[in-house]
Number of protein chains: 2
Amino acid sequence: MLDQLPNTLLQQRKTVQLEANQPLFIQGTKPKFLYFLEEGEVQLTRCGQQGETCTLQRIQQGFLAEASLFAEHYHCDAHCSKKSRLSAFPIKAFRQQLGQDGFYEVWIQLLSKEIKRLRNQGQRLALNSASDRIIHCLQTEGENGVLRLQGSIKEWAAELGLSHETLYRTLHRLQKQKQLEIVKQKTATQLKLTMHCPT
Amino acid sequence: MLDQLPNTLLQQRKTVQLEANQPLFIQGTKPKFLYFLEEGEVQLTRCGQQGETCTLQRIQQGFLAEASLFAEHYHCDAHCSKKSRLSAFPIKAFRQQLGQDGFYEVWIQLLSKEIKRLRNQGQRLALNSASDRIIHCLQTEGENGVLRLQGSIKEWAAELGLSHETLYRTLHRLQKQKQLEIVKQKTATQLKLTMHCPT
DNA sequence: CGTACTTTTGAATCGCATCAAATCTGGTGG
DNA sequence: CCACCAGATTTGATGCGATTCAAAAGTACG
């Protein structure tokens, strides 16, 4: 991914190391850098009326908050949910380099991909049954019906807009009904899900 | 909006007139044109597993499916929900003109705006109470807490991911509780909502 | 005037959120 | 190595609110 960036830009990259639970930026502040997550995990969140936190997105790798490139201020909070390593690019330089080597095309494709992801997410959240959301997630985020989860089930529940209790229960019910297979892998908190019903 | 397009592109514009309920494009087909809705209404939808239709977006004015510019195929269906007039631009020419006069910057800003809208929509759908979704919509889509609805309440319900019965009931409850004001305007099926509680 | 659609209200049902509590887990420090 | 702790996982019971089905009243339009 980064190899598609103009060299001028790559040379201005600064590496940022952050521990788990440290903030990266907060809503309302002016973006100075565009971040690329190399390793770890960053969550984009927002606070509701009563202070409840809403998880907009969990990112394990790639650019964060791509829409902040031309934004006056961030529209959500970002914090590291795991110890993370990031590359930071000065926003100003980034904007200036967009015209270089047709780099804008790369960026437009990135934004388009994000829009598609968000449309999927929206469609998923519009489903009001827990099992429908799970299956929809397998079909859209998974590869060939198989999804490797990053992090805990509890974190996944937040992304799906479900309480973790409901997610646990529904997963077990689907498993019992042979609609999916749950494979817990060794030390890592990863699950592998496999659909058993046709598309 | 259209005045920001390069002249070369404007000259290739074709006008399209469609009646209500006519399809504009369907999921899976290859995009040949990029559409700008001048007048009327277009809905982007998707079909769920059991054939239920999910309304992803209702558009009254502006570009449709901006992400299709570099897409191999459409990722949702589009149809006119009202009699509409559109401008169609050949995709190929559009892509070629992006480099002209820094037009790509206009396009990137458009995509960024769409991403922000989708994030709002996602956050809204993650709220599980009808009144929270309504209020969130007023705060994000409205101007200064005032929102002019386009179309019927029933259509709005689909966008909010609620049954229309629940939306009607909750609107009346909020009105009775003085949390919002509903003003039905003459012939047009428009409502004006005004928040009465602080931000 | 009739038809199609929206708006409205009612009643029954179902599923999710919530609170609570127990168990399991990985990781830390003694 | 073991004790311990924080967090994830699991299970149970309860209540609320949204969906659904049904039906009536209102409204736009030809």
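All values below were derived from every heavy atom in this structure, side-chain atoms included, with hydrogens, water molecules and symmetry-related copies excluded. Labels below follow one simple rule: chain letters A, B, ... track the order of the sequence lines, proteins then strands, and each chain is numbered from 1.
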Roughly how many Å is it from CG in B:Leu162 to C1' in D:dT19, rounded to a whole number?
-> 10 Å
Which comes earlier along DNA chain C counting from the 5' end, the contact point of A:Arg173 or that of B:Lys154, where each point is its nearest nucleotide?
-> B:Lys154
Between D:dA8 and A:His164, is there an OP1 or OP2 to side-chain N/O distance shorter than 4.0 Å?
-> no
Ring centers of B:Trp107, B:Phe63 separated by less than 6.0 Å | yes
Out of D:dT9, D:dT19, D:dA18, which nucleotide sits closest to the side chain of B:Ser163?
-> D:dT19
Under 4.0 Å: is that the gap between some side-chain N or O of A:Thr166 and OP1 or OP2 of C:dA17?
-> yes
Whole-Å distance separating the CG atom of B:Leu167 from the P atom of C:dT6 = 13 Å
Would you confirm whether A:Gln97, through its side chain, and A:Phe94, through its main-chain N or O, come within 3.5 Å as a donor-acceptor pair?
-> no
Roughly how many Å is it from CG in B:Asp132 to C1' in D:dG17, rounded to a whole number?
-> 12 Å
Please determine if a side-chain N or O atom of A:Asn128 lies less than 4.0 Å away from the OP1 or OP2 oxygen of C:dC16.
-> no
Measure the acute angle between the ring planes of A:His164 and A:Tyr168, then classify it against the limits of 30° and 60° as parallel, tilted or perpendicular.
-> perpendicular
With the side chain defined as heavy atoms from C-beta on, A:Arg169 is closest, among C:dT18, C:dT9, C:dC16, to C:dT18
Of all the nucleotides listed (C:dT9, C:dT6, D:dT11), which has the minimum atom distance to the side chain of A:His172?
-> D:dT11
Against the side chain of A:Lys184, the closest entry in D:dT9, C:dT8, C:dC16 is D:dT9
Candidate nucleotides C:dT9, C:dC16, C:dT7, ranked by approach to the side chain of B:Ile153 - the nearest = C:dT7
Value in whole Å for how far the C1' atom of D:dG7 lies from NZ of A:Lys82 = 14 Å
Kindly indicate, with the supporting measurements, whether the criterion side chain to side chain donor-acceptor pair (under 3.5 Å) is fulfilled by B:Gln17 and B:Arg85.
-> CA-CA 5 Å; B:Gln17 296 264 5; B:Arg85 184 166 52 87; 5.4 Å; no
B:Glu155 versus B:Ser81, side-chain donor and acceptor atoms under 3.5 Å | no
Provide, to the nearest angstrom, the distance between the CD atom belonging to B:Glu165 and the C1' atom belonging to C:dG10.
-> 11 Å
Could you check how far OH of B:Tyr168 sits from P of C:dG10, rounded to whole Å?
-> 16 Å
In whole angstrom, give the distance that lies between atom CH2 of B:Trp156 and atom C1' of C:dT8.
-> 17 Å
Atom-pair distance (CG on A:Leu171; P on D:dT11), nearest Å | 12 Å
